[in-house]
Novice: 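One structure follows; several queries about it will come next.
A note on names: the letters A, B, ... follow the listed sequences, proteins ahead of strands, and every chain is numbered from 1.
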Protein chains: 2
Amino acid sequence: MNEAYRSGCPINLTLEVLGDRWSLIVIRDIMFGNRRHFRELLQNSEEGIASNILADRLKRLVERGLLSRGDDPSHKQKGIYSLTEMSIRLVPIFAEMGAWGRRFMPVSEELSIRAQLLEEGGRPLWEDFMAELRVLHLQAPRDPGKPSVFDRLRAAYLEVVARNAAVADAAE
Amino acid sequence: MNEAYRSGCPINLTLEVLGDRWSLIVIRDIMFGNRRHFRELLQNSEEGIASNILADRLKRLVERGLLSRGDDPSHKQKGIYSLTEMSIRLVPIFAEMGAWGRRFMPVSEELSIRAQLLEEGGRPLWEDFMAELRVLHLQAPRDPGKPSVFDRLRAAYLEVVARNAAVADAAE
DNA sequence: TCAACTACTTGCTTTTTGCAACCGGTTTAA
DNA sequence: TTAAACCGGTTGCAAAAAGCAAGTAGTTGA
């Protein structure tokens, strides 16, 4: 538990908290996949995180204020991990990282449709999405007029999956 | 040299290239500090990077297309590292990371003034800055009408340093 | 009562990081 | 002309982190 930072540069400090291969992956799955339990994060992990790494990252992220852990009333052993304002405000970073990855890396269509929508929607969409995450994770009151960005991202993803499955079937 | 990626998710792919504690630090120093030689990056490093790590990261970043290495005609041994379009397009990510770090981490005033200006300037300023980086690193033609964002960021930093030095003097 | 499920933990190996010293070639200044 | 300083690294070693597979103690539902 060494709390001495390398420097006071904002880029560096952000990197000291999030600059590893797993922290942002965990937050991404909670944020975009709404995975709230340990098992969900472990077993549905696209990248195959190991259980000890996941346990360590959840602990660190809670310690550093990026996640909070609550008890699930329906199951004494289950914990529920929630985003905090600190991690909800990562949405613009995720959006920019997604846009950069889409431009320069060999992304798959299925997994990049969300990034595309976030990029196209721009900052107004990010704000709507963050407001919605506050409803889901911080018990903020829901704005009844707003359609769900979360659902829209999810629907777009499922649509691509279904379309590609149909194409794969037709090819056989 | 294992080129198998963990997944095709844009966030994950960006993380696989940049998700460590040093790669973005190196790019930051080249981008905002205009440090182009190995020694400059090593000795002026705010965070104290080790020479073997620096050598390794420069090599990897060149391999992956985020930097290019050219010879310095004035010195047979010197290499000049330049940004590429791929790394210039990281400006929005740096800006968002800087804004997040400023909001949630214990940043120092001196090192965060640039992040503040980038945040306040918004995307139009980022575009001007990227255009200027293309002039500095990719031999793009200079737009004569534009004042230099790079110089403006640098001047603001030096001003804060000078002001804080004066305050420190007065306190003695 | 028992199998399946819960959130982890443990032990071990491999990989990465970090430190310090060192290297041969190049430039510069006396 | 020669020595000191500078150049971009490399090497060897220790410590830390990541990754894998197996295991644990408690909980739940049939």
Side-chain angles (χ1 to χ4, degrees), chain A residues 1-7 12 15-27 29-30 33 35-64 67-82, chain B residues 1-7 12 15-26 29-30 33-64 67-82:
Chain A
M1 184 137 3
N2 182 10
E3 285 299 338
Y5 294 114
R6 300 185 301 192
S7 87
N12 173 60
L15 238 29
E16 290 206 43
V17 175
L18 300 169
D20 70 274
R21 297 170 97 68
W22 291 111
S23 296
L24 282 178
I25 294 287
V26 172
I27 295 172
D29 284 348
I30 298 176
R35 297 184 190 144
R36 309 292 290 270
H37 305 295
F38 190 94
R39 283 284 146 168
E40 287 178 303
L41 289 163
L42 186 68
Q43 292 177 340
N44 301 337
S45 168
E46 194 77 35
E47 289 84 14
I49 192 170
S51 62
N52 54 346
I53 309 280
L54 176 59
D56 177 75
R57 286 305 180 281
L58 287 171
K59 192 175 138 215
R60 267 180 37 183
L61 290 170
V62 168
E63 279 171 7
R64 296 179 179 180
L67 296 177
S68 67
R69 200 205 127 115
D71 291 331
D72 184 335
S74 77
H75 189 304
K76 283 187 182 167
Q77 248 182 334
K78 274 188 179 173
I80 298 188
Y81 292 95
S82 298
Chain B
M1 181 142 0
N2 184 10
E3 285 298 341
Y5 295 114
R6 299 186 301 192
S7 85
N12 173 61
L15 237 30
E16 291 206 44
V17 175
L18 300 170
D20 71 274
R21 296 171 96 71
W22 291 111
S23 296
L24 281 178
I25 294 287
V26 172
D29 285 348
I30 297 176
N34 202 32
R35 297 184 191 142
R36 310 293 292 270
H37 305 295
F38 190 94
R39 285 283 149 168
E40 286 178 300
L41 289 163
L42 187 68
Q43 292 176 341
N44 301 337
S45 167
E46 194 77 33
E47 289 84 13
I49 192 170
S51 62
N52 54 346
I53 309 278
L54 176 58
D56 178 72
R57 287 305 180 281
L58 287 171
K59 193 174 135 214
R60 268 181 34 182
L61 290 170
V62 169
E63 279 172 6
R64 295 178 178 182
L67 296 177
S68 67
R69 199 204 126 114
D71 292 332
D72 185 336
S74 78
H75 189 305
K76 283 187 182 171
Q77 252 182 332
K78 275 188 179 173
I80 298 186
Y81 290 95
S82 298

Novice: Can you tell whether the side chains of B/Arg57 and B/Asp20 come within less than 4.0 Å, N to carboxylate O?
Specialist: yes
Novice: Judged by each residue's nearest nucleotide on DNA chain C, which is more toward the 5′ side, A/Arg6 or A/Phe38?
Specialist: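 It is A/Phe38 whose nearest nucleotide is closer to the 5' end.
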Novice: What is the 5' to 3' range of DNA chain D, first to last nucleotide, that sits under 4.0 Å from any heavy atom of chain B?
Specialist: D/dC7 to D/dG12
Novice: Measure from the side-chain N and O atoms of B/Arg36 to the backbone N and O of B/Tyr81, and report whether any donor-acceptor pair falls under 3.5 Å.
Specialist: yes
Novice: Between C/dT16 atom P and B/Lys59 atom NZ, what is the distance in whole Å?
Specialist: 12 Å
Novice: Using whole Å, report how far CZ of A/Arg57 lies from C1' of C/dA7.
Specialist: 17 Å
Novice: From B/Ser82 OG over to B/Arg69 CZ, what is the distance, rounded to the nearest 0.5 angstrom?
Specialist: 11.0 Å
Novice: When the distance from CH2 of B/Trp22 to P of C/dT16 is rounded to whole Å, what number comes out?
Specialist: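 Value for this atom pair: 17 Å.
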Novice: For the CD1 atom of B/Ile49 and the CG atom of B/Leu58, what is their distance to the nearest 0.5 Å?
Specialist: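 Those atoms lie 7.5 Å apart.
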Novice: Regarding C/dT26, can its base be found pairing with the side chain of B/Gln77 as donor and acceptor, where the two atoms are less than 3.5 Å apart?
Specialist: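 By the distance-only test, no, there is no pair.
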Novice: Test side chain to side chain contact (heavy atoms under 4.5 Å, CB included) on B/Leu67 and B/Ile30 and set out the steps.
Specialist: CA-CA 10 Å; B/Leu67 296 177; B/Ile30 297 176; 3.7 Å; yes
Novice: Please report the interatomic distance CZ(B/Arg21) to CD(A/Glu16), rounded to the nearest 0.5 Å.
Specialist: 5.5 Å
Novice: Which part of the nucleic acid, if any, lies within contact of B/Asp56, taking any heavy atom under 4.0 Å across all strands shown: a base, the sugar-phosphate backbone alone, or nothing?
Specialist: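 B/Asp56: no heavy atom of the nucleic acid under 4.0 Å.
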Novice: Counting just side-chain N and O atoms, does B/Arg21 come under 4.0 Å of either OP1 or OP2 of C/dT16?
Specialist: no
Novice: Round to a whole Å and report the spacing from CG of B/Asp20 to P of C/dT17.
Specialist: 6 Å
Novice: Determine whether a donor-acceptor pair (N or O, by modelled atom type, separation under 3.5 Å) exists between the side chain of A/Glu47 and the backbone of B/Asn12.
Specialist: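 No: the side chain of A/Glu47 does not pair with the backbone of B/Asn12.
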Novice: For residues A/Ile53 and A/Trp22, report the shortest heavy-atom separation together with the two atoms involved.
Specialist: CG2-CD1, 3.6 Å
Novice: Rounded to whole angstroms, how far apart are CD1 on B/Ile53 and C1' on C/dT16?
Specialist: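 Those two atoms, CD1 and C1', are 8 Å apart.
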Novice: Whether the side chain of B/His37 engages the backbone of B/Gly79 through a donor-acceptor N/O pair (distance < 3.5 Å, no angle test) should be reported.
Specialist: yes
Novice: Measure the angle between the two terminal helix axes of the helix from C/dT1-D/dA30 to C/dA30-D/dT1, five base pairs each, and quote it to 10°.
Specialist: 20°
Novice: For DNA chain D, whose closest nucleotide is more 5', that of A/Arg39 or that of A/Lys76?
Specialist: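 Between the two, 5'-proximity favours A/Arg39.
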Novice: In whole angstrom, give the distance that lies between atom NZ of A/Lys78 and atom P of C/dA4.
Specialist: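 Result: 17 Å.
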Novice: Keeping the roles fixed (side chain from B/Asp71, backbone from B/Pro73), state whether a donor-acceptor pair exists under 3.5 Å.
Specialist: no
Novice: Quick one: on DNA chain D, does B/Ser51 or B/Gln43 contact a more 5' nucleotide (nearest heavy atom)?
Specialist: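 That would be B/Gln43.
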Novice: What integer distance in Å separates A/Leu54:CG from C/dT9:P?
Specialist: 11 Å
Novice: May I have the distance from A/Asp72 (atom CG) to C/dC5 (atom P), rounded to whole angstrom?
Specialist: 17 Å
Novice: Within less than 4.0 Å of OP1 or OP2 of C/dC8, is there a side-chain N or O belonging to A/Arg69?
Specialist: yes
